[in-house]
Amino acid sequence: MTADALALTVRDLRKGFPDPGGRRVEVLRVDRLDLERGRTLAVVGESGSGKTTLLHVIAGILPADAGTVEIVGRPMTGLGETARDRLRAEHVGYLFQTFNLLSHLTALENVTLGMTFRPRAGTVPRRLAREALDRVGLSDRLAYRPPQLSVGQQQRVAIARALAGRPGLVLADEPTANLDAVRAKESLDLLLAFAEECGAAVLAVTHDDRALVRFQDRLTLGMGV
Amino acid sequence: MLSTSVAVLRLAWQSVRRRPLSSFLTALVVALGVALVVAVETVRASADRSFTETARGYDVILGPPQGSPLQIVLSTLFHVDEPPGTLPWSAYDAIRKDPRVAAAIPYAMGDTYRGHRVVGTVPAMFEVLTDGEGRALQDGMRGRLFGEGRFEAVVGSVVASRTGMGIGTTFGVSHGLVEGGQPHKERWAVVGVLRPTGTAHDRAISIPIATFYAIPGHTVPDQEEEARPLSAVGVRLKSPALRLLILQESRTGKAEAQAVLPADQVRKLMAIVGDVNQGVTIVAWIVTVVAAVSILVGLYNTIQGRRREIAVLRALGARPAHVFGLILLEALILCLVGGAFGLLLGHGAVAAAAPTLLGSYGVRVDVGIGGHDLQMLGALVVLGLLAGLLPAWRGLTTPVADNLQAEP
């Protein structure tokens, strides 16, 4: 398999945090993980098993203590903070549990924001944001602000923001946790279909059993891979 | 790079607009500080210029041998102090016959009308003295100059507006240079009203010097013309370069008069007044700095509530420099928007007050944006950046991972 076909490669990843006594406690241990473009992976595990930490380390928000992470063939680990930010801006889409839309920005501005910090962004983000919002069925809500949208619509804006820039990898943190069963299904359908169209891999942390079965692969943390 | 910078600027503007009341109030405090600085500076500069221009008409002033040179200049040109004594008419005669002298204007003072100084002089004064634009005082006046020896008067624009005097008005004067003096029985008729000149003559009433001497008590009976007392003589030389020579001759000659250089005295006066002006300007700047501090405090406090927003921006790929720049730009926007509003407010207030300042105080103010305003904007940029540094640093050090999980 070529490196380009892999959206994510993880080897011997370790991450720990100091406890109140100052002793370092390891909370994340992933020996090997490969995720091809277009594939979907659900990450499950007990509370405190390091699921969210895994997302943060893969995204470069937190540095790894040891091991390597590669996003679309480019190393994330070993880079400085600014370089990790650049790599994340260019190749990672992020979908948050509580959507994390900025309430003072319109739907279009929120989606555009997801591509604003890419190197040489130019005017492309606005065009891509319109297309993405059209794709998620919100072309008539471009100028609406999050408080003016329903919860389901906010989730669709968040999906559009994560995928508008055609990232190689989408990281989703409990993407259905805040939605009722019907909306959860609709949102997951939309996320997985849109990601497939974009050729993006999806790595999602989830506790939702109904969601779990929709993913092709599963990684259970705290029990080895 | 540029598109990201523009996007960060747009984000900063949206963030400022998101808090309309607090942003408005913060910008308003900046605006008030800047307006105060602008108003104080404009009026100060105009008053300074007004003083300097008033002193421009004469190269030398001959005054009484006693008294300070500054007092002679203040009483003769600015009508704000009592003449320190008298000099004899013969001194005037001598200087006006001097071949180096282009014009010599006698002044006799000692009376007032409703608080306005009455100056006994000659019509030539209105030709010799000019305003700041170089126009002779007599240019553009209503009516005409008084005739030598007639009981006629020319009044300044401030006198006309304050007292309601106009051409044809008759009036009597009171003894002394403060209100409430013994009234004299002689009466004069106003024959001319000066246009606003921005000089002290706007606040004075000029009468023929011969009629001043006709007032009982201003001369002793049968006094020789040579011995008549004068308050001062304004001297315009054919070459201003001669003024030091005249000054030197005055110091070594007869002690019946002393020559003073009005320009030198005004410079000394400005040095004294400048300290007061500087104090007022410093107070105005302190107001502006306090406004900048309010930006700092306001922004710093908002960062606590914006940790999640900052974390989201970082998760979406914003680099630390973007977050730092975003908050710095917010401070800059508040400072510059407030500053621009303050400039308009300050100049607007000065423009609104300009007719009153000219009409009531004889100070002509320049209305309009000038080089000083650009310096002010430059200072505001620095203040805004300084005010934003601490909040921006706080934003920069916001932990991303912790705050992505926080409840909204």
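Chain A is the first sequence line, chain B the second, and so forth, proteins listed ahead of strands; every chain is numbered from 1.
- Contacts from residues 320-345 of chain B to chain A, taken as heavy-atom pairs separated by less than 4.5 Å, involve B:P320, B:H322 in sequence order.
- When all heavy atoms of B:G317 and A:F117 are compared, the pair lying nearest together is O-CB, 3.4 Å.
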Can you give each donor-acceptor pair under 3.5 Å made by side-chain atoms of residues 164-171 of chain A, sequence neighbours left out, with the distance rounded to 0.1 Å?
from: A:R166; atom 1: NH1; to: A:A164; atom 2: O; distance (Å): 3.4

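- Taken to the nearest 0.5 Å, the CG atom of B:L316 stands 10.5 Å off from the CE atom of A:M115.
- B:V312 is not listed as a side-chain neighbour of A:L101, based on a closest heavy-atom distance of 4.5 Å or more.
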Going through the checks in order, is the side chain to side chain contact (heavy atoms under 4.5 Å, CB included) test met by A:L113 and B:L11? CA-CA 9 Å; A:L113 192 64; B:L11 272 177; 3.6 Å; yes
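- The contact list for residues 79-88 of chain A toward chain B, using heavy atoms and a distance under 4.5 Å, reads A:E81, A:T82, A:D85, A:R86, A:R88 by residue number.
- Using a 4.5 Å cut-off on side-chain heavy atoms (C-beta onward), A:L102 and B:L313 make contact.
- The 12-atom threshold is not exceeded at CZ of A:R23, counting heavy atoms of other residues, nucleotides or ligands nearer than 6.0 Å.
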Go through it in stages, so that I can follow the logic: the residues are B:E309 and A:H104, the test is side chain to side chain contact (heavy atoms under 4.5 Å, CB included), and I'd like the CA-CA distance, side-chain angles, deciding distance and then a yes or no. CA-CA 11 Å; B:E309 172 195 336; A:H104 62 291; 4.1 Å; yes
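- For A:E131, the CD atom sits in a packed shell: over 12 heavy atoms of surrounding residues, nucleotides or ligands are nearer than 6.0 Å.
- Contact annotation: the side chain of A:E109 approaches that of B:Q14 to within less than 4.5 Å [non-hydrogen atoms, C-beta and beyond].
- Every residue two or more places apart in sequence or in another chain was checked for a salt bridge (charged side-chain N to carboxylate O under 4.0 Å, His left out) with B:D373, and none qualifies.
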